[in-house]
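Keep in mind that this is a model prediction, so the values were computed, not measured.
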Amino acid sequence: MPGAAVTIADLPAPAGLIPSRGCAPLHEDATDVRDDATTALSEVSDAWLVGRARELSAVGQNSDALGQRGTIREADGLLAEAQRRGEPRIVAQLLRHCAAMRLSTPGLAHGADPLLDELLTHSRRHGLLVLEADARALRGRRQLLASGEDNAISEVAWGLAMLEDELVPDTALGRRSWDRLLATALIDLGYVLTQLGVYEMAEVVMGRAHHRIRESGGPHEIAVHMMNRCRMLLGWGLRLERIGEDDEAGERFATASALAYAVEGPWQESLFPRLPDRTAWDQIPLLGAAHALAQPGPEHIERLQRLRSLDRAIHPREKIIVAIALSRCLMSADRRAEAVSVLAPSRAAGQDSRSHVTTDTSDPTLRISLAREYARLVEIDEPISDALGEYVLELETELWTMREARYSTLSSRLENARLNLRHDAITQQALQDPLTGLSNRRALDDRLDSLLGSAEAQPLSIALVDLDGFKEVNDRCSHAEGDDVLRVVATTLRDTLRVDDFVSRYGGDEFVVLLPVVALTDAESALQRTVEAIARLPKALSRGVTLSIGVVAMRAQESGAQVLARADAAMYQAKRGGGNQVATFAAAEDAQYPAGPSGPREQETWIPPQPH
């Protein structure tokens, strides 16, 4: 409940799962997860892991410091379990949650750095574009926390460029889950844009997020999104006031107040801890402040005072907004001394870098709004000269001009990111199979020649993969469904093998896998896991196809055509054995495919193939 830390044990757990009670340590020591909790986690579904991580994120945002660290410990345990299973999309989502939770916890933001680096690498490796863009957004947020505004602009520009075009949903996730991920990435980008003061762009991005949330979001996602928009509008309104645009500021406050009313429905069904007999704006400081800023009056005073005193973590940015709103309401009741006293502690916290409640360095514009509000109240006792007033107005105008320059810089970097992505896309298309997204035959030839000529790639195993029963799929169903099967197989191949393994579409329903620095026996074991993964797929995805795989080890002085011919022969051996298996050649069988003067026997010293 708001006003008290919510423990992990208070939240529901699936049948058979022992509440962790913070059993899993922080990410750096995740190997020490208790045996009983690990055993229990192994019994839950992938969807449960992601859903529980969302719950923990919500609880952490409404807990004190101890509660926040407890939720992080449990989330790290979920991440360790996801990594053990190895499903790329689940791992990426857990990495995202663990990083975001640290960014929201005082004193732990630095711990997000390795997680964000891993998320960026992991999502890029597995072609998870939306999560890669989200990693950029969170890295931008981290840069702002470290006063790295210029780097934050670059990060958010890349994230925006990645999500500008109409994206093809990830069929392995399902449309609703994919929409949620896209909305989350857009919200995270909008959050950074808001902190940068680029409100116009933030509004557009959050509008896109609203479309996705409306289509596929649950109550919690809708509530979070509406509160983020409310926060953006309040910051925008306070900024407009500083340049004398009071009417426009009033419009922003009125819209924020309308959102504070509209959030009530989804809020009551969200994951946020709450009191069921009170409205959202009676429990969330930001929402209470929205009503007060739209129409300052004595009726808001008691509520805002209660919200300020909640015994839980309130973000420094929200403390400033609530303080300004309460001060204005007190002034409307002719309680000026109290209005001044409300602003003074927030100002002191912002000026004392050693204070544990110091304002967020990522949002200096709100600190300036706070200082302005305080100066306006003090001015009643100590009027400033007209000349000084003009100076302040000129200074604010200059700051607004600097904001415009920041907007221009972001626009320029966004255009550069677009151009770079288009160039990369054109280059990739020349080397990519358009149906599966894997490397094509041209890219395979280039990579195979490179590996055959590299001593560092030895031992090198080469596999040829063919689908069992694929012709029947095309005959029984349709070519469109056959294409879907090829995409599912391609994704499974890529996801079940190592990062360094090269997967390509060879043609038709055949694929080639290059496994550098992998001995033949190890390659056989790895590919057998892939065969089993395909066999376990739901029939709705695989249409019942299985894999026949032939794998061989590259021999000295062997050409690419020769090694692929041997892999093809091994694949047919798997077919003759009934399919759904991996085949390698015994020495006697391999001898009929000599590689050259060395014969089938492997030499102790590797010799590259001779140029033709």
Side-chain angles (χ1 to χ4, degrees), residues 61 100 103-104 134 137-138 140-141 144-145 149 152-153 155-157 159-160 163 183-214 217 221-243 245 248-263 266-267 280-281 284-294 314-325 359-360 362-370 399-400 403-404 406-407 410-411 414:
Q61 291 172 5
L103 289 176
S104 300
D134 203 353
L138 293 176
R141 182 172 166 186
L144 287 177
L145 288 171
E149 180 183 294
I153 291 174
E155 293 285 3
V156 78
L160 289 169
L163 301 184
T184 298
L186 290 168
I187 288 170
D188 286 340
L189 287 166
Y191 185 92
V192 179
L193 290 169
T194 298
Q195 289 179 292
L196 288 168
V198 188
Y199 301 109
E200 300 88 343
M201 199 175 291
E203 187 175 38
V204 172
V205 170
M206 288 189 172
R208 291 182 60 199
H210 174 74
H211 172 72
R212 298 292 175 178
I213 288 290
R214 183 184 59 192
E221 288 86 0
I222 293 172
V224 169
H225 172 61
M226 294 177 78
M227 285 189 280
N228 281 330
R229 288 191 68 193
C230 185
R231 182 183 295 108
M232 182 269 293
L233 288 164
L234 293 179
W236 194 354
L238 290 171
R239 186 65 188 87
L240 286 167
E241 284 183 333
R242 286 165 42 201
I243 57 168
E245 298 290 346
E248 288 193 34
E251 292 176 7
R252 304 303 185 278
F253 294 148
T255 304
S257 179
L259 282 171
Y261 280 114
V263 78
W267 156 263
W281 57 88
I284 298 297
L286 181 77
L287 302 180
H291 291 317
L293 286 171
I314 301 178
H315 197 281
R317 186 182 310 105
E318 295 189 13
K319 287 184 179 180
I320 292 176
I321 293 173
V322 172
I324 293 174
T359 53
D360 186 355
S362 65
D363 204 345
T365 186
L366 273 178
R367 296 201 307 277
I368 297 174
S369 292
L370 178 67
L399 288 172
W400 186 262
R403 189 206 75 96
E404 295 294 308
R406 188 183 303 134
Y407 183 92
L410 176 57
S411 299
L414 177 57

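- The side-chain heavy atoms of R141 and S104, taken from C-beta on, include a pair separated by under 4.5 Å.
- With rounding to the nearest 0.5 angstrom, the CZ atom of R317 is 10.0 Å from the CG atom of L286.
- S257 places no side-chain N or O within donor-acceptor distance of the main-chain N or O of F253, the cut-off being under 3.5 Å.
- Going from atom CH2 of W267 over to atom CE of M227 covers 6.0 Å, rounded to the nearest 0.5 Å.
- The distance from the CD1 atom of I153 to the CG atom of L144 is 8.5 Å, given to the nearest 0.5 Å.
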Item to check | Criterion side-chain contact (heavy atoms from CB on, under 4.5 Å) on L410 and L193, from CA distance to verdict | outcome: CA-CA 10 Å; L410 176 57; L193 290 169; 3.3 Å; yes
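- Remark: D188 CG to L138 CG distance equals 4.5 Å, nearest 0.5 Å.
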Next on the checklist: One pair to check against side-chain contact (heavy atoms from CB on, under 4.5 Å): E200 and W236. What are the steps and the verdict?
Outcome noted: CA-CA 9 Å; E200 300 88 343; W236 194 354; 4.1 Å; yes
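- Relative to the ring axis of Y199, R239 does not place its NZ or CZ within 45° and under 6.0 Å from the centre.
- Considering all non-hydrogen atoms of both residues, T194 and A202 come closest at OG1-CB, 3.7 Å.
- With hydrogens and angles ignored, the 3.5 Å screen pairs no side-chain donor or acceptor of R242 with any backbone N or O of I368.
- Distance CG/L189 to CG/D134: 7.0 Å, rounded to 0.5 Å.
- A heavy-atom distance below 4.5 Å is not found between the side chains of E155 and V192.
- Closest of all the heavy-atom pairs between C230 and L259 is N-CD1, 3.9 Å.
- When only modelled atom types and interatomic distance are considered, R214 and H211 share a side-chain donor-acceptor pair under 3.5 Å.
- Considering every non-hydrogen atom in both I187 and A209, the closest pair reads CG1-CB, 3.8 Å.
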Next on the checklist: Show, in sequence, the C-alpha distance, side-chain angles and deciding distance for I324 and S369, and conclude whether the side-chain contact (heavy atoms from CB on, under 4.5 Å) test is met.
Outcome noted: CA-CA 9 Å; I324 293 174; S369 292; 4.3 Å; yes
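- Atom OG1 of T255 is separated from atom CE of M232 by 9.5 Å, given to the nearest 0.5 angstrom.
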Next on the checklist: Show, in sequence, the C-alpha distance, side-chain angles and deciding distance for R231 and N228, and conclude whether the side-chain contact (heavy atoms from CB on, under 4.5 Å) test is met.
Outcome noted: CA-CA 5 Å; R231 182 183 295 108; N228 281 330; 2.6 Å; yes
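- Residues R252 and L233 approach most closely at CB-O, 3.5 Å, considering heavy atoms.
- Nearest heavy atom pair, residue A325 against residue A292, reads CB-CB, 3.9 Å.
- The shortest heavy-atom contact between A289 and I321 is CB-CG2, 3.8 Å.
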